Amino acid sequence: MTQNAPATSLLDELRWRGLLADFTSHAAEALAAGQVTGYIGFDPTASSLHVGSLVPIMGLVHLQRAGHCPIALVGGGTGLIGDPSGKASERALLDKAQAEENARGIHRQLSLFLDFESRTNPARMANNLDWLSDMGMVDFLRDVGKHFSVNAMLRKESVKRRLDEEESGLSFTEFSYQLLQAYDFRELATRFGCTLQMGGSDQWGNITAGIDLVRRMGGPRCHGIVFPLLESRGGVKFGKTEAGTVWLDPERTSPYRFYQYWLNTEDADMVRYLRLFTLLGKAEVHELAQATSKNPHRREAQRRLAAEVTRIVHGQEGLDRAVQASRVLFGGSVEGLGADEIAEIFADVPSKTIAKSRLEAEGGLPLAPLMAEVGIASSGSAARRLIKEGGVYVGGVRVTDVRATLAAADAVEGRFVVLRVGKKRHCLLDAGAPI
RNA sequence: GGUGGGGUACCGAAGCGGCCAACCGGGGCAGACUGUAAAUCUGCUGGCUCACGCCUACGUAGGUUCGAAUCCUACCCCCACCA
């Protein structure tokens, strides 16, 4: 993933992949003229990135593959304030230690995608805490603020829209945020010769503000490239599921869930996603598109997409386990499985341990409350509703009685019970003594 | 600070003394059809071992009433216009 491809034009590559929304007018010449150092900022609001960050990450990957030098800037300083755009509620402020820890986590994840060891064009991490934390208010206003015309800032589309909106105002913090981001660009230009900033298309204003600031402060001509924002389909934001955000951190989102997320991509998004999130070439993407239209039920494209992305993030081993678990859970009846096989996939599939005595209790263990307890249903009522609707399965067999109970006989090898809700939600219960 | 309009379930939005656990739309979930897809159709969408019933909910706290999301009072918060 990190080896350098023959230097095709970065812009062309981004364009056919659907990663190019816009770029400043001289970006193409600058990229053609030689090695460029470019950066993208990441907010360290959590210790892990999520799949929503994959677009900018891939932006850096393509930058590096085209022979340029990527910088991942962690907004340790700006994160202390938070870019409030589009935020409905006040963001919890991070303390420094937390921000640092998050930065480390993000660095680790970026290492999966970027080559920090390359001799010719290594990737680099930077943290704007390094320059923002010691900067005084007065210095900032004098050295940076003076280069910003409030008139011009007010004319920016993003600002104008907010001012015109009757509902949401524009806080001073939000208004000033672009100064901080612009200053980041200036620092990166000075320290690392960085002359390119990339980001989501919502960052266009902040990026051009940075370009202007660098120039005003006597720096080189800089450039910007923005990616399209992934729109949400039918109200579901990209990267979210009913279970919440899909993270890159295996502790937060298991490789199995991660794999499943991609596997469930709808046909209409397949080709687009293959181009956006994998490094497969035109021929392969075309082939997979053909496969989808000819034999849709095989879901070849989905499998490939899920495999590619999962392998990068969780390694071959993580992918293998996810595939294995998927095969077991979706491959038919779970009843034929041995305890060993089930135990193996426990690591990745949502699971709970319950006391064996409860299964052996007189009258059995009531199913509905148990479902609430282990979290596969949100409440006992919800569980009963699901049973009434015919959406609950124990060991692959539909449960029809609202007052159904579990007994030792329901467990594979007297130990494992496989609960399923709908087609996709599984929960493994382990009633065995720990080894 | 003044005047007026508002705060209803995940979101939007009805209700304006009992028939309200609250119309409707979106979203979500389940079922059917499928391909762990989309579209479509059906059902569900506060909790309680839920048929009956009970409990908690309509910004917060009190009050009036046999009875309140609906009326009164105070407070908090939003919005508009005027200062």
Side-chain angles (χ1 to χ4, degrees), chain A residues 86 88-90 162-171 231-238 240-246 256-274 288-289 291-307 310 322-334 345 348-350 358 361-373 375-394 396-406 418-427:
Chain A
S89 54
E90 189 70 26
R162 293 294 293 275
L163 291 179
D164 291 344
E165 259 177 36
E166 298 185 345
E167 295 293 306
S168 63
L170 183 67
S171 77
E231 81 284 10
S232 50
R233 286 179 76 91
V236 187
K237 283 203 179 73
F238 175 80
K240 304 274 181 186
T241 67
E242 65 277 10
T245 303
V246 181
Y256 165 75
R257 281 241 169 111
F258 187 85
Y259 179 82
Q260 283 290 323
Y261 175 78
W262 296 102
L263 192 66
N264 281 303
T265 301
E266 35 189 279
D267 290 3
D269 288 330
M270 272 316 306
V271 171
R272 204 158 54 94
Y273 282 12
L274 283 169
L288 288 166
T292 295
S293 55
K294 270 188 213 146
N295 292 300
H297 60 281
R298 287 200 196 144
R299 309 168 62 77
E300 270 178 48
Q302 273 93 339
R303 282 176 214 288
R304 188 64 188 277
L305 171 69
T310 306
V323 171
Q324 159 77 353
S326 299
R327 220 176 259 146
V328 168
L329 291 175
F330 291 94
S333 171
V334 187
I345 61 177
D348 289 304
V349 175
R358 295 174 64 191
E362 187 76 22
L365 179 58
L367 180 58
L370 179 69
M371 287 172 64
E373 182 190 325
I376 199 170
S378 56
S379 69
S381 298
R384 283 179 209 100
R385 232 178 273 129
L386 285 165
I387 293 172
K388 280 182 205 162
E389 291 165 346
V392 176
Y393 307 79
V394 172
V397 180
R398 177 175 282 173
V399 176
T400 49
D401 181 4
V402 179
R403 275 172 292 204
T405 58
L406 290 182
V418 182
L419 289 181
R420 173 158 72 89
V421 168
K423 284 177 194 163
K424 302 174 195 169
R425 275 146 72 198
H426 295 87
C427 181

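If you're wondering where the values come from, they're calculated on a predicted model, not measured in any experiment. Below, chain A is the first sequence line, B the second, and so on; all start at residue 1.
- Counting heavy atoms from C-beta outward, Val394(A) and Leu419(A) have side chains that approach closer than 4.5 Å.
- With sequence neighbours excluded, the residues that form a side chain to side chain donor-acceptor pair (under 3.5 Å) with Arg398(A) are Tyr393(A).
- Within the 4.0 angstrom heavy-atom criterion, no nucleotide atom of any strand lies near Thr292(A).
- For the pair Arg299(A) (side chain) and Leu263(A) (backbone), a donor-acceptor distance under 3.5 Å is present.
- Within a heavy-atom distance below 4.0 Å of RNA chain B, the residues of residues 293-301 of chain A found are Pro296(A), His297(A), Arg299(A).
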Could you encode protein contacts along nucleotides 20-26 of chain B as a string, one character per nucleotide from 5' to 3', using B for base contact, S for sugar-phosphate-only contact and - for no contact, with a heavy-atom cut-off of under 4.0 Å? -------
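- The separation between Glu362(A) atom CD and rU49(B) atom P is 20 Å, rounded to whole Å.
- A distance of about 33 Å separates the C1' atoms of rG17(B) and rG27(B), rounded to the whole Å.
- What separates CZ of Arg327(A) from C1' of rG35(B) is a distance of 17 Å, to the nearest Å.
- With C1' as the reference atom, rC20(B) and rC58(B) are 10 Å apart, rounded to whole Å.
- Protein atom CG of Leu305(A) is 13 Å distant from nucleotide atom C1' of rA37(B), rounded to whole Å.
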Return a table of donor-acceptor pairs under 3.5 angstrom between the side chains of residues 362-373 of chain A and protein atoms on other chains or two or more places apart.
{"residue": "Glu373(A)", "atom": "OE1", "partner": "Arg358(A)", "partner atom": "NH2", "Å": "2.8"}
{"residue": "Glu373(A)", "atom": "OE2", "partner": "Arg358(A)", "partner atom": "NH1", "Å": "3.1"}

Each base of RNA chain B marked ( ) or [ ] if paired in-strand (Watson-Crick or G-U under 3.5 Å), | if paired to another strand and . if unpaired gives ((((((((.[[[..)..(.....]]]((((((.......))))))(((....)))...[[[[[..)....]]]]]))))))).
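- We find the NZ-CZ distance between Lys424(A) and Arg257(A) to be 12.5 Å, quoted to the nearest 0.5 Å.
- Residue-level contact check: Leu386(A) touches the backbone only, with heavy atoms under 4.0 Å from sugar-phosphate atoms and none from bases.
- To the nearest 0.5 Å, atom CD of residue Gln260(A) and atom OG1 of residue Thr310(A) are 9.5 Å apart.
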Got a list of side-chain donor-acceptor pairs under 3.5 Å for residues 375-382 of chain A, not counting sequence neighbours?
{"residue": "Ser379(A)", "atom": "OG", "partner": "Ser381(A)", "partner atom": "N", "Å": "3.4"}
{"residue": "Ser379(A)", "atom": "OG", "partner": "Ala382(A)", "partner atom": "N", "Å": "3.1"}

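- In terms of phosphate contacts, Arg303(A) brings no side-chain nitrogen or oxygen within less than 4.0 Å of OP1 or OP2 of rA37(B).
- Heavy atoms of Arg398(A) sit under 4.0 angstrom from primed sugar atoms or phosphate atoms, though from no base atom.
- Atom OH of Tyr261(A) is separated from atom P of rA37(B) by 15 Å (rounded to the nearest Å).
- rC54(B) and rA21(B): their P atoms are spaced 11 Å apart (whole Å).
- Spacing between atom CG of Leu365(A) and atom C1' of rU49(B) amounts to 12 Å, rounded to whole angstrom units.
- Here rA38(B) presents its P atom at 10 Å from CG of Asp269(A), a figure rounded to the nearest Å.
- Shown here are the salt bridge (Lys or Arg N to Asp or Glu O under 4.0 Å) partners of Arg304(A), two or more places apart in sequence or in another chain: Glu284(A), Glu308(A).
- Nearest-nucleotide positions on RNA chain B place Tyr259(A) closer to the 5' end than the other of Pro369(A) and Tyr259(A).
- Side-chain N/O atoms of Lys423(A) include none lying less than 4.0 angstrom from OP1 or OP2 on rG31(B).
- Residues Ala301(A) and Thr292(A) approach most closely at CB-OG1, 3.2 Å, considering heavy atoms.
- Between Pro366(A) and Thr265(A), the residue whose closest nucleotide on RNA chain B is further toward the 5' end is Thr265(A).
- The distance from atom CD of Gln302(A) to atom CG of Asp269(A), rounded to the nearest 0.5 Å, is 9.5 Å.
- Under 4.0 angstrom from either OP1 or OP2 of rG31(B) there lies at least one side-chain N or O belonging to Tyr393(A).
- Using atom C1' as the reference point in both rA68(B) and rU56(B), the two lie 16 Å apart (nearest Å).
- The side chain to side chain donor-acceptor pair (under 3.5 Å) check on Asn295(A) picks up nothing, with sequence neighbours excluded.
- Following rounding to the nearest Å, Trp262(A) (CH2) and rA37(B) (C1') show an atom-to-atom distance of 16 Å.
- The phosphate of rU36(B) has neither OP1 nor OP2 within less than 4.0 Å of any side-chain N or O from Arg425(A).
- Considering only side-chain N and O atoms, Lys388(A) lies nowhere under 4.0 angstrom from the phosphate OP1 or OP2 of rU42(B).
- Val246(A) and Tyr261(A) make their closest contact through CG2-CD1, 3.6 Å (heavy atoms, listed as atom of the first residue, atom of the second, distance).
- Going from the P atom of rC71(B) to that of rC19(B) covers 16 Å, rounded to whole Å.
- Nucleotides rU49(B) and rG67(B) are separated by 30 Å at their P atoms, to the nearest Å.
- In this structure, CE in Met270(A) is found 7.0 Å from CG in Leu288(A), a value given to the nearest 0.5 Å.
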Return the polar atom pairs (N/O with N/O) between nucleotides 43-46 of chain B and the protein under 3.5 Å, or none.
{"residue": "rG43(B)", "atom": "N2", "partner": "Glu389(A)", "partner atom": "OE2", "Å": "3.1"}
{"residue": "rC44(B)", "atom": "O4'", "partner": "Glu389(A)", "partner atom": "OE2", "Å": "3.4"}

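- rG28(B) and rA39(B) have their P atoms separated by 9 Å, given to the nearest Å.
- Gln302(A) contributes no side-chain N or O that forms a donor-acceptor pair with the base of rU36(B) under 3.5 Å.
- Rounded to whole Å, the P atom of rC16(B) lies 15 Å from the corresponding atom of rC72(B).
- Between Asp267(A) atom CG and rU36(B) atom C1' there is a gap of 12 Å when expressed in whole angstrom units.
- Partners of Val349(A) according to the side-chain contact (heavy atoms from CB on, under 4.5 Å) rule, which considers only residues two or more places apart in sequence or in another chain, are Tyr256(A), Ala325(A), Leu329(A), His426(A), Leu428(A).
- Every residue was checked against the side chain to side chain donor-acceptor pair (under 3.5 Å) condition with Thr265(A), not counting sequence neighbours, and none meets it.
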